[in-house]
**Student:** 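Input: one structure, supplied below.
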Amino acid sequence: MKVYIVKDYHEMSKKAASIIAVQAAMDPDSVLGLATGSTPVGAYEYLRKWSEEGTLDFSGIRTVNLDEYKGIAKESDQSYYHFMRENLFDHINVKEENTYIPDGEKEDIDAVCRDYEALIRKLGGVDLQLLGIGRNGHIGFNEPSETFPGECHCVDLAESTIEANKRFFESAEDVPRQAYTMGIGTIMNAKKILLLASGEDKAEAMYQTMCGPITPRVPASVLRLHRDVTIIADEAAMAKAGTR
Ligand code: GLP
């Protein structure tokens with residue numbers, strides 16, 4: 001596990017974007033696993049900028065997103081489908097047909113999850129998986145639980161996640177209660193993983209992830225078992241873990 005402790009969100013974003021850019025340059029057909037939330041927005045801004053300047057080419061890149069709310073319309077402002085278009089896809093030359101996100105409009109849980117897992121396999125697996133981390137240590141939408149879920153599945157969101165994500169909605173009542181997510185097994189199958197964390201509200205999760213027991217109660221802790229993980233975290237996020 002490589003850990004870079006950087007000064008702030010801005011430095012984290014630039015370094016993360018550089019790693020993604022190198023991946024895209026070294027392997028122009030890469031499958032990038034992408035994440036949503038506030039954490040990767042700055043990195044996406046750099047990728048857009050470098051793409052607009054002509055430094056980066058995404059024409060052969062395929063993308064698979066980690067997760068999507070269940071029961072949300074694609075065109076809704078709060079869908080991850082919409083988020084990805086607004087923050088990245090509409091501004092780079094990735095082909096729309098090469099971008100994949102679990103279909104939150106579909107109700108057939110088994111079909112959505114089976115198809116998404118099969119799709120990732122068909123693409124040859126994820127080359128570089130980008131991750132944020134929830135305040136409770138979740139990755140994707142894999143909430144703390146008794147076991148590590150293997151494949152793509154539908155989860156009941158934890159109250160703390162609904163609380164944390166309500167800032168994107170009118171109110172907490174509007175946050176969907178369920179989501180489709182890659183499983184821990186799906187994430188661990190990625191060839192490389194890049195975990196980003198910024199801000200003091202992630203400090204406890206980062207401490208538990210890096211220094212606590214490897215347990216499904218802290219889903220991100222499993223990343224310590226992966227052979228190629230890079231963490232980029234700012235000083236605030238490392239306030240507890242970084243000093244030990
Ligand atoms: C959401 C997403 C995660 C994300 C996490 C942290 O619940 N499903 O993929 O990493 O929240 O979000 P943020 O980056 O906004 O703190």
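Just so you know, ligand 1 is whichever comes first in the structure, and atom 1 is the first atom listed for that ligand. The structure presented is a predicted model; accordingly, all values stated were derived computationally and were not measured. Starting from 1, each residue takes its place in the sequence as its number.
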**Student:** Check Ile139 against ligand 1 and report side chain, backbone, both or neither, counting heavy atoms closer than 4.0 Å.
**Tutor:** neither
**Student:** To which of Glu143, Arg167, His138 does the heavy atom nearest atom 5 (C) of ligand 1 belong?
**Tutor:** His138
**Student:** Are a donor atom and an acceptor atom from the side chains of Tyr69 and Asn165 found within less than 3.5 Å of each other?
**Tutor:** yes
**Student:** Does the side chain of Arg85 come under 3.5 Å of the side chain of Thr99 through a donor N or O and an acceptor N or O?
**Tutor:** yes
**Student:** Could you tell me if His138 and Asn136 have a donor-acceptor pair between their side chains, going purely by distance under 3.5 Å?
**Tutor:** yes
**Student:** Just by distance, with hydrogens left out, do Ser38 and Arg167 show a side-chain donor and acceptor under 3.5 Å apart?
**Tutor:** yes
**Student:** Specify side chain, backbone, both or neither for Ala35, according to which of its non-hydrogen atoms lie closer than 4.0 Å to ligand 1.
**Tutor:** neither
**Student:** Give yes if a backbone or side-chain nitrogen or oxygen of Thr36 is under 3.5 Å from a nitrogen or oxygen of ligand 1, and no if not.
**Tutor:** no
**Student:** Polar contacts were defined as any N/O atom of the residue lying under 3.5 Å from an N/O atom of the ligand; does this apply to Asp67 and ligand 1?
**Tutor:** yes
**Student:** Given that the side chain starts at C-beta and the backbone is N, CA, C, O, which of these parts of Tyr69 lies under 4.0 Å from ligand 1, counting heavy atoms, or is it both or neither?
**Tutor:** neither
**Student:** Report yes if Gly140 has an N/O atom closer than 3.5 Å to an N/O atom of ligand 1; otherwise report no.
**Tutor:** yes
**Student:** Would Glu117 and Thr186 count as having a side-chain donor-acceptor pair, cut-off 3.5 Å?
**Tutor:** yes
